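Here the structure is laid out as structure tokens; the discussion comes afterwards.
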Amino acid sequence: MKLITRYIFKKCALNTVMLLFAFSVIYLIINAIQELGEIGKGEYDSSAMVIYLLAQLPEYLYLLAPLAVLIGVMTGMLNLVKSSEYAIMRTSGISLFKVTQILAVFGLFFAIITFSLGEFVAPKSNQFAKVYKLNKLDQRISTELSTGVWSKDGAHNIINIKEINPTNSSLISGIQIFAYNNNQELKQYINAESASYDQNNKAWILNNSTIFNYLGNKIDIQHPLHYQWSSTIDPSYFKVLIISPDDMPALGLYKYIQHLQANKQAVNRHQISMWSKLLYPLACISMALIAIGFVPNNGRNINLSTKLFIGILIGVTFFFSNKLIGYLAVLFEWNAVLSATIPTVLLFLAGSVTLWRKEN
């Protein structure tokens, strides 16, 4: 029995890994085409593009893992059927229940890999990719957030921002602006308590600011309540510095939720993301159960293309329904646990029904 278990594992795992590799190649090609327009800006060349795309790859593999398990198990088992190996296994006394157990363990194995990928690898690599690309595009930032965010603004200005509003990147506070001349001499220093972005004038409005103009041997000091600061930086620049809940690991989300609750702030979106992170990998088990429902007992009249199409349709439907329910839950403030659980539970029920119909 151990020999058969290892054999089925090997067949399904090989197909699943090959599918993930194929998905990776498709992702790299499609995204490389989209990134071609950025090449040549600053230091962003072809090698930088490759590093950026590879750094984002773990996130895509995490999202596509359940679909790869579904198709991998289907193709692996259908190949066993076509070679009559599956029929020999069944006639030798191996029940459908035992085959289902083997595939459930296989799904659990990939669920653990998927969880590890989404919890420990993808969040860090995704954040690195965003910061790396900005640096190469000459929009340099510091990730040492204990001193705030540092960035170049044009050729001669350097800015420091202490805090960015987590829900609205057009609101910032603790602003310092250092303006230099062509000789790298400080000609102006501005600090402001807060700022908001004016979409109409495409400029920042600094509140409670102090302006120091260095004029040779003297300093001119001004204290305007509101000062218009024209900058090459707009709110979209800061969005990559605010980690999206979907990009955070479950443990990080849990700690952040505790912080938000302590400050009496809304936590629904973060709770939905946390539970989705915890439950999404379990879809690998459900996908493996659904796959066995497409496996006939013998090799006669196997329409492989039709079965694969249905399998892909199921996987894509699950992926988009999971995203849709998450967005609706945030919009209508549904229960976080139920919202994150519904797609996976429905998928598990679909797998159970498929097996029940096959057994009967």
Side-chain angles (χ1 to χ4, degrees), residues 37-38 40-44 127-245 247-248 256 259-260 262-267 269-270 330:
E38 300 287 342
K41 297 180 179 179
E43 299 177 5
Y44 192 70
Q127 186 68 7
F128 165 80
K130 293 177 180 179
V131 174
Y132 178 80
K133 182 178 179 180
L134 277 179
N135 286 337
K136 289 298 181 180
L137 290 173
D138 243 358
Q139 295 174 308
R140 302 188 181 277
I141 59 174
S142 168
T143 55
E144 197 65 41
L145 296 180
S146 60
T147 59
V149 175
W150 291 89
S151 175
K152 290 181 65 177
D153 179 23
H156 303 294
N157 295 344
I158 296 176
I159 65 170
N160 173 237
I161 298 171
K162 294 297 183 183
E163 184 177 355
I164 304 167
N165 190 300
T167 57
N168 185 355
S169 59
S170 64
L171 299 176
I172 56 178
S173 58
I175 303 99
Q176 297 184 82
I177 305 169
F178 302 86
Y180 296 85
N181 58 26
N182 292 330
N183 296 322
Q184 300 302 311
E185 297 172 340
L186 185 64
K187 66 176 183 180
Q188 186 181 64
Y189 167 70
I190 304 173
N191 66 53
E193 182 180 311
S194 63
S196 59
Y197 192 70
D198 185 349
Q199 290 287 352
N200 295 326
N201 296 316
K202 303 298 180 184
W204 293 90
I205 305 301
L206 304 180
N207 304 312
N208 297 325
S209 58
T210 303
I211 303 174
F212 297 84
N213 293 302
Y214 297 92
L215 308 172
N217 296 325
K218 64 177 182 178
I219 302 175
D220 178 46
I221 303 176
Q222 302 174 16
H223 300 279
L225 288 178
H226 303 290
Y227 176 75
Q228 183 170 298
W229 165 42
S230 297
S231 172
T232 60
I233 295 173
D234 60 32
S236 62
Y237 173 75
F238 298 120
K239 288 181 180 178
V240 297
L241 303 177
I242 304 171
I243 302 176
S244 168
D247 292 335
M248 295 174 67
Y256 192 58
H259 168 75
L260 291 176
N263 289 278
K264 302 187 185 313
Q265 297 183 51
V267 297
R269 182 187 178 193
H270 296 82
V330 173

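As the structure is a prediction and not an experimental result, all values here were calculated from the model.
Shortest non-hydrogen contact noted between H270 and Y256 is NE2-CE2, 3.3 Å. Between A195 and L206 the shortest heavy-atom distance is CB-CD2, 3.6 Å.
Judged purely by distance below 3.5 Å, without hydrogens or angles, the side chains of N213 and Q188 pair a donor atom with an acceptor atom.
The backbone N or O of N183 lies less than 3.5 Å from a partner atom in the side chain of N181, making a donor-acceptor pair.
When the ring-ring contact (aromatic ring centres under 6.0 Å, His included) test is applied to Y180, no partner is found at least two apart in sequence or on another chain. Residues satisfying the side-chain contact (heavy atoms from CB on, under 4.5 Å) criterion with D247, sequence neighbours excluded, are E59, N126, K130, I243, S244. In this structure, the side-chain contact (heavy atoms from CB on, under 4.5 Å) partners of S196, at least two apart in sequence or on a different chain, are L171, I205. For the side chain to side chain donor-acceptor pair (under 3.5 Å) test, no residue two or more places apart in sequence or in another chain qualifies with Q184. Every ring-ring contact (aromatic ring centres under 6.0 Å, His included) that Y189 has, sequence neighbours left out, goes to F178, F212.
From I219, atom CD1 reaches atom CD1 of I221 across 6.0 Å, with rounding to the nearest 0.5 Å. Taking CD of Q176 as the reference point, atom CD1 of I190 lies at 11.5 Å (rounded to 0.5 Å).
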Scan the side chains in residues 222-230 for donor-acceptor partners under 3.5 Å anywhere in the protein, sequence neighbours excluded, and list what turns up.
{"residue": "Q222", "atom": "NE2", "partner": "D220", "partner atom": "OD2", "Å": "3.1"}
{"residue": "H223", "atom": "ND1", "partner": "T210", "partner atom": "OG1", "Å": "3.4"}
{"residue": "H226", "atom": "ND1", "partner": "N207", "partner atom": "OD1", "Å": "2.9"}

Trace of the side-chain contact (heavy atoms from CB on, under 4.5 Å) decision for I177 with D153: CA-CA 9 Å; I177 305 169; D153 179 23; 5.8 Å; no

Residue pair I172, W204: steps toward the side-chain contact (heavy atoms from CB on, under 4.5 Å) verdict: CA-CA 10 Å; I172 56 178; W204 293 90; 3.8 Å; yes

Steps toward side-chain contact (heavy atoms from CB on, under 4.5 Å) verdict (N182, H156): CA-CA 7 Å; N182 292 330; H156 303 294; 3.1 Å; yes

